[in-house]
Amino acid sequence: MTAVRMGVMGCADIALRRMLPAMAATSEVEITAVASRDPARARAVAGRFGAAPVHGYAELLRRPDVDAVYLPLPAALHAEWTEAALRADKHVLAEKPLTTDAARTRELVALAQARRLALCENVMFVHHPQHTAVRKLLADGAIGRLRSFHASFTVPARPADDIRYRADLGGGALWDTGVYPVRAAQLVLGDGLTVEGAVLTSDPGRPVDTGGAVLLRSPGGVTAQLRFGLDDGYRSAYELCGTEGRLTVERAFTPPAGHRPVLRLERGTAVEHVELAEADQVTATVAAFAGAVAEGRPVDADAVLAQAALLDAVRRRATG
């Protein structure tokens, strides 16, 4: 497969720490250009990866040596630049959330499908094989019939000027950390989830939500209790409770590449630790995107649309 020639739209921390090193380490992607509104910043980052510096995002989309765009911009800018990239016939790998509006997400997925372009929302944990192992244990009856699902993703407070606290840039806990437990519930419980209750909380002086809790329900009556936050002790885990046992996944959402997952399976008084092989969800995501480019299709379109609808319903339930 020919390497995807990637242009990077912005120099955010997630790009520098995780995505660009992963792209540089795989033969499936070639970083050809890095764009920034700051020419010096573009030169500094591009130089690290042997890419061309580009001044401005629109200029990046005009380059014939760019097949696809990685978009780590603030959430409020995703819809505008994702659409611009698709209309420029570029495939798009966008940081989550793809947009902060379910209707706009539907429009962009439809546009990508119509133009036969790959569109991927960068929710990386779904590409880690530990979740496949969880679903297999569940299907094999390891904990009996599933009764409830619990998931938490909370992180400590960031500096006061962090973009996650800016409403004009699409900040807030729901869009930043809430995506993870919502998508995990989709992975485990499947389609048809409904929002039965939702609360968004804000700290004094913050113009955005800094935490929240959600109650979902599956068509079969399984409940999902979700917690997320931007000013909490770190927690990244989910738990499945069944009629015969319980299965717990620690470091569920952001495990480092060298991490060896250990699933905790409890049945009565017996506890089993199921050890899995280490895996790198970042490179797995890059590979999934490259495969989608080759096929000219959005990645997990149905899951992305369902997630957008759930997040929109959570926001309406909590604020209305």
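Here the shortest heavy-atom pairing between A79 and T99 reads CB-CG2, 3.9 Å. Closest non-hydrogen pair, Q130 versus P261, comes out as OE1-CB, 3.4 Å. Scanning all heavy atoms of the two residues, the minimum distance from P72 to I14 falls at CB-CG2, 4.1 Å. In terms of heavy-atom proximity, A173 sits nearest to G229 at CB-CA, 4.3 Å. Shortest non-hydrogen contact noted between L60 and A35 is CB-CB, 3.9 Å.
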Exercise. For R317 and V199, what are the C-alpha separation, side-chain angles and deciding distance, and is it a side chain to side chain contact (heavy atoms under 4.5 Å, CB included)?
Worked result: CA-CA 8 Å; R317 185 67 175 258; V199 175; over 6 Å; no

For this session: May I have the step-by-step check of side chain to side chain contact (heavy atoms under 4.5 Å, CB included) for V274 and V262, ending in yes or no?
Result: CA-CA 5 Å; V274 182; V262 178; over 6 Å; no

For this session: Output, in order, the C-alpha distance, side-chain angles, deciding distance and verdict of salt bridge (Lys or Arg N to Asp or Glu O under 4.0 Å) for E30 and R5.
Result: CA-CA 5 Å; E30 175 189 355; R5 298 176 298 176; over 6 Å; no

Exercise. Under the salt bridge (Lys or Arg N to Asp or Glu O under 4.0 Å) criterion, do D67 and K90 qualify, and how do the steps go?
Worked result: CA-CA 5 Å; D67 304 315; K90 311 295 186 187; over 6 Å; no

For this session: Please assess M124 against T285 for the test side chain to side chain contact (heavy atoms under 4.5 Å, CB included), listing each intermediate value before the final yes or no.
Result: CA-CA 6 Å; M124 292 184 283; T285 301; 3.4 Å; yes

Problem set entry | Test side chain to side chain contact (heavy atoms under 4.5 Å, CB included) applied to R267 and E244, step by step | CA-CA 6 Å; R267 290 174 61 92; E244 299 175 22; 3.2 Å; yes

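In this structure the side chain of Q186 reaches within 4.5 angstrom of the side chain of L310, judged on heavy atoms. Side-chain atoms of W81 and V69, non-hydrogen and from C-beta on, never get closer than 4.5 Å to each other. Residues R315 and W175 meet the side-chain proximity criterion, which asks for heavy atoms closer than 4.5 Å. Residues H273 and V271 meet the side-chain proximity criterion, which asks for heavy atoms closer than 4.5 Å. No side-chain heavy atom of T100 sits under 4.5 Å from any side-chain heavy atom of T105. Between L20 and V45, the closest side-chain pair of non-hydrogen atoms falls below 4.5 Å. When side chains are defined from C-beta on, M9 counts as touching L71, because their heavy atoms get closer than 4.5 Å. V34 places none of its side-chain heavy atoms less than 4.5 Å from the side chain of V54.
When the side chains of ILVMFWY residues are joined at heavy-atom separations under 4.5 Å, either directly or via intervening members, L215 and V222 end up in two distinct hydrophobic clusters. Hydrophobic clustering keeps Y57 apart from Y70 (ILVMFWY residues linked when any side-chain heavy atoms are closer than 4.5 Å, directly or through intermediates). Both V155 and Y165 are members of a single hydrophobic cluster when ILVMFWY side chains are connected at heavy-atom separations under 4.5 Å. By the criterion of side-chain heavy atoms lying less than 4.5 angstrom apart, applied directly or through intervening Ile, Leu, Val, Met, Phe, Trp or Tyr residues, V188 is grouped together with I143 in one hydrophobic cluster. A continuous path of ILVMFWY side-chain contacts below 4.5 Å connects L138 to L193, so both sit in one hydrophobic cluster.
Among residues two or more places apart in sequence or in another chain, the ring pair (Phe, Tyr, Trp, His ring centres under 6.0 Å) test is passed with Y238 by H131, F149. S36 pairs by the side chain to side chain contact (heavy atoms under 4.5 Å, CB included) definition with C11, D38, R41, A42, not counting sequence neighbours. Not counting sequence neighbours, the partners of F153 by the ring pair (Phe, Tyr, Trp, His ring centres under 6.0 Å) test are Y180, F253. For E295, the salt bridge (charged side-chain N to carboxylate O under 4.0 Å, His left out) criterion is met by R297, not counting sequence neighbours. Listed by chain and number, the residues in a salt bridge (charged side-chain N to carboxylate O under 4.0 Å, His left out) with R17 are D13 (sequence neighbours excluded). Checked against salt bridge (charged side-chain N to carboxylate O under 4.0 Å, His left out), R164 has the following partners two or more places apart in sequence or in another chain: D162, D176. Applying the salt bridge (charged side-chain N to carboxylate O under 4.0 Å, His left out) criterion to E107, with sequence neighbours excluded, gives R104. Listed by chain and number, the residues in a side chain to side chain contact (heavy atoms under 4.5 Å, CB included) with A288 are H127 (sequence neighbours excluded). With sequence neighbours excluded, the residues forming a side-chain hydrogen bond (donor to acceptor under 3.5 Å, both in side chains) with D140 are K136, listed by chain and number. For A309, the side chain to side chain contact (heavy atoms under 4.5 Å, CB included) criterion is met by no residue, not counting sequence neighbours.
For E196 and T194, the side-chain atoms include at least one donor-acceptor pair closer than 3.5 Å. The closest side-chain donor-acceptor pair between T26 and E28 falls under 3.5 angstrom. S152 and H150 share no side-chain donor-acceptor pair at under 3.5 Å. Looking at Q307 and E121, their side chains do bring a donor and an acceptor atom within 3.5 Å of each other.
Atom CG of N122 is separated from atom NZ of K96 by 9.0 Å, given to the nearest 0.5 angstrom. Here the straight-line distance linking atom OG1 of T243 with atom CZ of R147 works out to 6.5 Å at 0.5 Å rounding. In this structure, CG in D101 is found 11.5 Å from CG in L311, a value given to the nearest 0.5 Å. From L187, atom CG reaches atom CZ of R135 across 5.0 Å, with rounding to the nearest 0.5 Å. Atom CG of L265 sits about 6.5 Å away from atom CG of L137, to the nearest 0.5 Å. Between the NE2 atom of H78 and the CD atom of E83 there is a distance of 14.5 Å, given to the nearest 0.5 Å.
The side-chain hydrogen bond (donor to acceptor under 3.5 Å, both in side chains) analysis of residues 205-228, with sequence neighbours excluded, yields the pairs D203-T210, R227-D232. Annotation: side-chain hydrogen bond (donor to acceptor under 3.5 Å, both in side chains) contacts involving residues 245-257, sequence neighbours excluded, comprise Y234-T254, R235-E250, R246-E266.
Between the side chain of T154 and the backbone N or O of G233, at least one donor-acceptor pair lies under 3.5 Å. At distances below 3.5 Å, not a single donor-acceptor pair connects side-chain atoms of H91 with backbone N or O atoms of L119.
In this structure, R115 places its CZ atom where more than 12 heavy-atom neighbours from other residues, nucleotides or ligands lie under 6.0 Å away.
Checking each of V8, I31, L93, V29 against M19 for a side chain to side chain contact (heavy atoms under 4.5 Å, CB included) leaves exactly one that passes, namely L93.
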